[in-house]
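Below, all heavy atoms of this structure are taken into account, side chains as well, without hydrogens, waters or symmetry copies. Just so you know, ligand 1 is whichever comes first in the structure, and atom 1 is the first atom listed for that ligand.
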Amino acid sequence: MWLRCGCPSRSVSTSLRVLASPLRVLGLRRCNTAAFMPESAGFGGVSGRSGLQEFSVSSSESFWAAVARHRLSWIRPFTAVQDCDLSRGRIRWFEGGKLNVSVNCLDRHVHTCPDRVALIWERDEKGTEVRYTYRELLEMTCRVGNLLRRHGVKKGDCVTIYMPACPLAVASMLACARIGATHNVVFAGFSAEALADRIRDAQSSTVITVNQGVRGGKILELKKTVDIAVQSCPTVQQVFVAMRTDNPVAMTARDIAIEEEMLKEDVVCEPATMNSEDTLFLLYTSGSTGKPKGLVHTQAGYLLYAAFTHRYVFNYHDGDVFGCMADIGWITGHSYAVYGPLANGGTTVLFESTPIYPDPGRYWDMVERLQINQFYGAPTAIRLLLRFGNEWVNKYDRSSLKTLGSVGEPINTEAWEWYYRVVGEERCPVVDTWWQTETGGICIAPKPSDPDAEIVPGMAMRPFFGIKPVLMDTEGKVISGNDTSGALCLAQPWPGMARTIHNDHQRFIETYCQPYPGYFFTGDGAYRSVEGYYQITGRLDDVINVSGHRIGTAEIEDAVNQCPAVAESAVIGYSHDIKGQGVFAFVVLKKNVDVEEADLSRQLNDIVSEKIAKHACPDFIQFVQRLPKTRSGKIMRRVLRKVVELDLDSLGDLSTLDDPAAVQEIIQGHRELLSK
Ligand code: AMP
């Protein structure tokens, strides 16, 4: 689908006539740049990757206009490239334009290559993968689209999808896009309560799920979880149920067997004409308060950015097989298992299993079997696998691999080196990609870069096209110069960014736009090296990252505090060898509570897993008499972090504490906990 490399012959011959030899070199560079990015032919002599990056930032409108015209199929062209004002949280791209996202992801490829494989479903049961061509995926999408329409789902309605990674989940997302509904995919590891919160906040009337999930050989009772969730969701009128296993589940009057009903539907479904800025999906993520926020992504800008980053960060080419290991319930699954690859007419792998099922060779067996060219995984999985030794990797042929990607959390040097040397045999660039649910797609990554440009282990390094990172000091001023750290902000809007928080634009403004007026605040800190490369240093707010899953410590505290025996709690993240960060909870019990600590720990874990998800459960619970607080009652988490990190020499100034003796008690209790 991309334009072939081609120098406009007139400019070359003109150049050669004027000054043959130097301009022949220039002509060659132009040709390479145009081959690399066909749109650049219209950028007035811009050449090389760094030239393109500078142009994309300094002439952002021209850049994105050309890219959007070239890479998306429009029903009606846009009339304005952007209308953004970060200080007011107003973000609009490609207004006046009309398009349909599912047509961009399916129909246009069905016209040119209907039998190309769109999805490879790598099922939990190794060696039972199923392939779906673009034609088959379009038909499945149309049937689901027609079914949803027949059951009253209209443009603008929200459909919640609670499913594991599977073709029907992708078809459901695309079916929503086709008929103009909004989808709200909830990670199928979330509990009934967490699911219900998200359904209610999104005001969904329709849920799509499966009877049971299968992961790592274990059965997950997803339909039962939905049954519990919808009891507290009065808006839900219908639940579509697909059969992942042969085990029947109890069906109520509200439930509809989706596969049976789909068979009655036509394989043609009229796509809705959508405005660029209509909502495409909501995706809930954690913030620093207890309530998760439903970030809103819209049609054209999101799709363009997902496709463009997929093409350039991973150097994806026609015919490649792209293997993104993330679940569709996270933004990585949305952008790089579904929308990016499909918009590019690619072949994408949907991974249903775990890295160690049935054994720690699962990923590399899959690379060999499916001939994966780009592998995109999480540091937590890499760290886990490196412990099992190189033989699990070396057993399999990985010569198909061209690029290795890392996402979701910082990748430590040891894991990076192992990924690069053992998995990639020092042949494949490792791209450590920094981005977030809010950014829609990758913003900082080592690639694209000039061919021989260096890649530094464990650094995201270079801003993507159209991205202008800045570091801010504590007074809110832009820090200039290199070899410096600060709060990471993005200085100008880009098409993939979230537009708002569902039903709470004020929170969007307060969280992202007000901390540094005129800039988008990411919530992360970063270091800019002597060479000007970026390295993410971690969250600046009370959000922790467990195995690449973002969780607000306040969310866990809210759950823990619901235990009748608990008076109050403080949750912090600590450095964990495999998960990146683990969860440490300090808990104060109510007076006269007489329960064994071990029983109480179990109870608290059950509560967190019931209210949020298993991955949010504390790794350690320390019961304390009181928490270290300032005189105004604010918990001094900094002190708790130092205790857990065993960095007692850096406890800092304790004079502002209400009762400094509390710290000594906690240190003593922590020693006892570790010695158990
Ligand atoms: P999420 O929105 O759930 O994808 O989480 C985004 C957060 O994950 C970011 O704000 C970072 O704190 C962290 N993160 C994502 N990618 C990276 C990376 N490559 N290096 C360091 N931290 C990362």
Examine the proximity of ligand 1 to [X] and report which part, side chain or backbone, both or neither, has a heavy atom under 4.0 Å away.
X	answer
Glu409	backbone
Ile411	neither
Trp330	neither
Ile536	side chain

Practice task
Over 60° means perpendicular and under 30° means parallel, so classify the ring planes of Tyr574 and Phe584, tilted if in between.
Solution key: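 The rings of Phe584 and Tyr574 stand perpendicular, inter-plane angle above 60°.
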Exercise for the section: Please confirm whether Arg198 makes a cation-pi placement over Phe187, using NZ or CZ under 6.0 Å from the six-membered ring centre and within 45° of the ring normal. Expected result: no
For [atom], what is the closest protein heavy atom, and at what distance to 0.1 Å?
atom	result
atom 5 (O) of ligand 1	Arg550 CD, 3.4 Å
atom 11 (C) of ligand 1	Asp524 OD2, 3.1 Å
atom 21 (C) of ligand 1	Pro410 N, 3.2 Å

Practice task
Check whether the ring centres of Tyr376 and Phe314 lie less than 6.0 Å apart, and answer yes or no.
Solution key: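 When the ring centroids of Tyr376 and Phe314 are compared, they turn out to be within the sub-6.0 Å range.
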Exercise for the section: Could you tell me whether Tyr284 and Trp330 have their ring centroids closer than 6.0 angstrom? Expected result: no
Practice task
May I ask you to decide whether Glu352 forms a salt bridge with Arg215, counting only side-chain N to carboxylate O separations under 4.0 Å?
Solution key: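 Salt bridge absent between Glu352 and Arg215.
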Practice task
Could you tell me whether Glu438 and ligand 1 have an N or O pair separated by under 3.5 Å?
Solution key: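 Between Glu438 and ligand 1 (N or O atoms, distance only) the closest approach is not under 3.5 Å.
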Handout entry: N/O separation below 3.5 Å, Ser406 to ligand 1
Key = no
Per-atom contacts, ligand 1 versus [X] - under 4.0 Å to a heavy atom:
X	result
Trp435	6 (C), 9 (C), 15 (C), 16 (N)
Asn545	8 (O), 13 (C)
Thr433	16 (N), 17 (C), 18 (C), 19 (N)
Asp432	18 (C), 19 (N)

Exercise for the section: Kindly identify the option in Gly408, Gly538, Ala526 whose heavy atom sits closest to atom 8 (O) of ligand 1. Expected result: Gly408
Problem - From Arg550, Lys579, Arg383, residue fulfilling salt bridge (Lys or Arg N to Asp or Glu O under 4.0 Å) relative to Glu409 - result: Arg383
N/O donor-acceptor pairs under 3.5 Å from side chains in residues 297-308, not counting sequence neighbours:
from, atom 1, to, atom 2, distance (Å)
His297, ND1, Gly496, O, 3.3
His297, NE2, Thr437, O, 2.8
Thr298, OG1, Glu277, OE1, 3.1
Thr298, OG1, Arg499, NE, 3.3
Thr298, OG1, Arg499, NH2, 3.4
Gln299, NE2, Thr279, O, 2.9
Tyr302, OH, Ser335, N, 3.3
Tyr302, OH, Ser335, OG, 2.8
Tyr305, OH, Ile442, O, 2.7

Output a table of donor-acceptor pairs, distance under 3.5 Å, between side-chain atoms of residues 520-531 and any protein atom two or more places apart or on a different chain; print 'none' if there are none.
from, atom 1, to, atom 2, distance (Å)
Thr522, OG1, Leu488, O, 2.7
Thr522, OG1, Asp524, N, 3.1
Asp524, OD2, Trp434, NE1, 3.0
Tyr527, OH, Asp483, OD1, 2.6
Arg528, NE, Gly481, O, 3.1
Arg528, NE, Asn482, OD1, 3.2
Arg528, NH1, Tyr534, OH, 3.0
Arg528, NH2, Ile479, O, 2.9
Arg528, NH2, Gly481, O, 2.7
Ser529, OG, Glu531, N, 3.3
Ser529, OG, Glu531, OE1, 2.9
Ser529, OG, Gly532, N, 3.4
Ser529, OG, Tyr533, N, 3.0

Exercise for the section: Under the salt bridge (charged side-chain N to carboxylate O under 4.0 Å, His left out) rule, what do Glu645 and Arg638 come out as? Steps first, then yes or no, please. Expected result: CA-CA 11 Å; Glu645 285 161 10; Arg638 171 179 62 81; over 6 Å; no
